[in-house]
Amino acid sequence: MSDEQSTDTLNDFTAEQADARRIVVLISGNGSNLQALIDAQSYGELGGEIVAVISNKADAYGLQRARDAGIDAVVLPHHEYENREAFDGALIKVIERHEPDLVVLAGFMRILTPMFVHRFHGRLLNIHPSLLPDYQGLNTHARVLADGCTAHGVSVHFVTEELDGGPVVMQACLKLCEGDTEESIIERIHAREHLIYPIAVRWFLEGRLQLGPKGPTLDGMLLPAQGMRLSHEDAAEELDEEIDD
Ligand code: GRF
């Protein structure tokens, strides 16, 4: 083949675009974590595309955030279904219509049935406002403060049948000080969530993060029980927060 021929061949060649990885996000409320994912996507930092946002509540503000970003926003009111199984069955159908690679729970305030969790096993992530396995369940900030803990934070984890009990992928710590209240920490908690959730999603979509038989792996290495943990100082630095000595 002459040089000229090979150049022409290359000029005619159009690389096939790999299909973007597809994400479905489930919400029930404000959707600030959804917004962090939308923002990361708009900067080309999410590793995929949010193809649908589904809420069990019609008045969830996150639905508006989705619409503003041109994302399909779907309402599936849970009270219209006879029981948990019926709702989760309908939810599975709506999700699967969008053929997701990953399903992201972002403030989705529903206990999921085993059927649902098994269907998306290994491709279902959640974010929780505590350093899991501590403080599973609701009202984490109030309970942490009432116990006088100084170590708090947020966790991203794969979802299993145990509520907030699935293997942890990533954490960001927040040191509490005397005098801290729920109001005083909420912004720093959210900032940490918005920092780590898009990273975990990107790792998953890039194929770096997987749920193996022994637990989550990153680049083939088994993660420790606390996942990849950002210390308070590292998180504060990333977020340009003032660090107290
Ligand atoms: C977050 O604090 C998350 O940890 C918990 O629900 C809250 C959702 O907040 N699972 P938002 O709707 O993303 O603002």
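When a ligand or atom number is given, it counts from 1 through the structure's own listing order. Counting from 1, the numbers follow the sequence of the chain as shown.
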Atom 1 (C) of ligand 1: nearest protein contact (heavy atom, Å): Glu193 OE1, 3.2 Å
Among non-hydrogen protein atoms, atom 14 (O) of ligand 1 lies closest to Ser32 OG, 2.5 Å
On a heavy-atom basis, the closest approach of Asn126 and Val159 is CB-CG2, 3.6 Å
Closest approach of any protein heavy atom to atom 9 (O) of ligand 1, naming residue and atom: Asn33 ND2, 3.8 Å
Please state which protein non-hydrogen atom is closest to atom 7 (C) of ligand 1 and give its distance, to 0.1 Å? Gly107 CA, 4.2 Å
Polar proximity ligand 1 side, Gly31 side, N/O cut 3.5 Å exclusive: yes
Does a sphere of radius 6.0 Å around CD in Glu237 hold more than 12 heavy atoms from other residues, nucleotides or ligands, not counting ones at 6.0 Å or beyond? no
Residues 178-200 vs salt bridge (charged side-chain N to carboxylate O under 4.0 Å, His left out), sequence neighbours excluded, gives Asp180-Arg188, Arg192-Glu241
Looking just at side-chain N and O atoms, do His152 and His141 make a donor-acceptor pair shorter than 3.5 Å? yes
Salt-bridge present (Asp219, Arg208; N to O < 4.0 Å): yes
Using a 4.0 Å cutoff against the non-hydrogen atoms of Ile127, which atoms of ligand 1 qualify? 3 (C), 4 (O), 5 (C), 10 (N)
